[in-house]
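Since the structure comes first, as structure tokens, the remarks are kept for the end.
Counting starts at 1 for both ligands and their atoms, following the listed order.
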Amino acid sequence: MGYDNDNIFAKILRGDIPNKTVYEDDAILAFHDIAPKTPIHVLVIPKGAYVDMDDFSANASADEIGRFFAKAGEIARDLGVAESGYRLVTNNGENAGQIVPHFHVHIMGGQKIKEGSMARGL
Ligand code: 5GP
């Protein structure tokens, strides 16, 4: 599947749709999820056009991948959830229920997440 330039996160990156930004640099944007499932629910996305984890891990450079995950960890610390704990989730493709076809990770924290629960339906 090719990258859809009209997906919601592409529109957010272009500034066509507003977002509540938590962090931004030349390669990464982090913003609050519009429908938070936990008290802290932030999405971290690369600015590059990657459909999903499969695409990102196969086609992004090692530097881009390393910077992305290092920054996701830093953002979680800045959000204050590192010590109490958080869940880092990515939904890849249809079986995982991925809704937005631009690679993103969810940082979810601020409450105890039930054992065995998934990103949705906590
Ligand atoms: P996934 O693709 O991993 O299933 O989840 C996509 C996530 O994006 C959902 O948690 C959903 O609430 C969030 N989302 C969808 N549209 C928007 C939007 O326009 N703005 C923001 N901030 N989040 C969105």
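- Annotation for ligand 1: atoms under 4.0 Å from non-hydrogen atoms of H104 are 1 (P), 2 (O), 3 (O), 5 (O), 6 (C).
- Near A35, the atoms of ligand 1 lying under 4.0 angstrom from a non-hydrogen atom of the residue are 12 (O).
- Note: an N/O pair closer than 3.5 Å links D33 and ligand 1 by distance alone.
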In a table with atom names and distances, give each donor-acceptor pair under 3.5 Å that connects a side chain of residues 22-33 to protein atoms at least two apart or in another chain.
from: Y23; atom 1: OH; to: D25; atom 2: OD2; distance (Å): 2.8
from: Y23; atom 1: OH; to: K71; atom 2: NZ; distance (Å): 3.2
from: E24; atom 1: OE2; to: K47; atom 2: NZ; distance (Å): 2.7
from: D25; atom 1: OD1; to: A27; atom 2: N; distance (Å): 2.8
from: D25; atom 1: OD1; to: I28; atom 2: N; distance (Å): 2.7
from: D26; atom 1: OD1; to: R67; atom 2: NH2; distance (Å): 3.0
from: D33; atom 1: OD1; to: A35; atom 2: N; distance (Å): 2.8
from: D33; atom 1: OD2; to: H41; atom 2: NE2; distance (Å): 3.4

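- Here CD1 of I65 is found 9.0 Å from CG of N59. Values are rounded to the nearest 0.5 Å.
- If you number the atoms of ligand 1 from 1 as listed, the ones under 4.0 Å from a heavy atom of N91 come out as 1 (P), 3 (O), 4 (O).
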CA sep, side-chain torsions, deciding dist, call: N91, H106, side-chain contact (heavy atoms from CB on, under 4.5 Å): CA-CA 9 Å; N91 295 310; H106 302 244; 3.9 Å; yes
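- Distances below 4.0 Å separate heavy atoms of H106 from the following atoms of ligand 1: 1 (P), 3 (O), 5 (O), 7 (C), 10 (O).
- For the residues I8, N7, I45, the heavy atom positioned nearest atom 19 (O) of ligand 1 is part of I8.
- Of all the listed residues (I34, V42, T90), I34 holds the heavy atom that lies closest to atom 21 (C) of ligand 1.
- The I99 neighbourhood of ligand 1 comprises atoms 1 (P), 2 (O), 4 (O), with distances under 4.0 Å to a heavy atom of that residue.
- Less than 4.0 angstrom separates some heavy atom of G97 from each of these atoms of ligand 1: 4 (O).
- By the criterion of side-chain heavy atoms lying less than 4.5 angstrom apart, applied directly or through intervening Ile, Leu, Val, Met, Phe, Trp or Tyr residues, L88 is grouped together with V44 in one hydrophobic cluster.
- No side-chain heavy atom of F56 sits less than 4.5 Å from a side-chain heavy atom of T90.
- Residues forming a salt bridge (Lys or Arg N to Asp or Glu O under 4.0 Å) with D6 (at least two apart in sequence, or on another chain): R14.
- Remark: distances from the non-hydrogen atoms of K20 to ligand 1 are all 4.0 Å or more.
- Under a hydrophobic-cluster definition in which Ile, Leu, Val, Met, Phe, Trp and Tyr are linked whenever side-chain heavy atoms come within less than 4.5 Å, directly or via other members, M53 and L13 are assigned to different clusters.
- Of all the atoms in ligand 1, the ones that sit under 4.0 Å from a non-hydrogen atom of I12 are 20 (N).
- At a 4.0 Å heavy-atom cut-off, ligand 1 does not touch V89 at all.
- Counting heavy atoms under 4.0 Å from ligand 1, residue L43 touches it through the side chain alone.
- Counting heavy atoms from C-beta outward, H102 and P46 have side chains that approach closer than 4.5 Å.
- With ligand atoms numbered from 1 in the order given, ligand 1 contributes 21 (C), 22 (N) to contacts under 4.0 Å with heavy atoms of F31.
- Taking hydrophobic clusters as Ile, Leu, Val, Met, Phe, Trp and Tyr residues chained together by side-chain heavy-atom distances below 4.5 Å, L43 shares a cluster with I17.
- For the atom pair CD1 of I12 and CD1 of I34, the computed distance is 7.5 Å after rounding to the nearest 0.5 Å.
- Proximity of F9 to ligand 1, defined as any heavy-atom pair under 4.0 Å, is confined to the side chain (atoms from C-beta onward).
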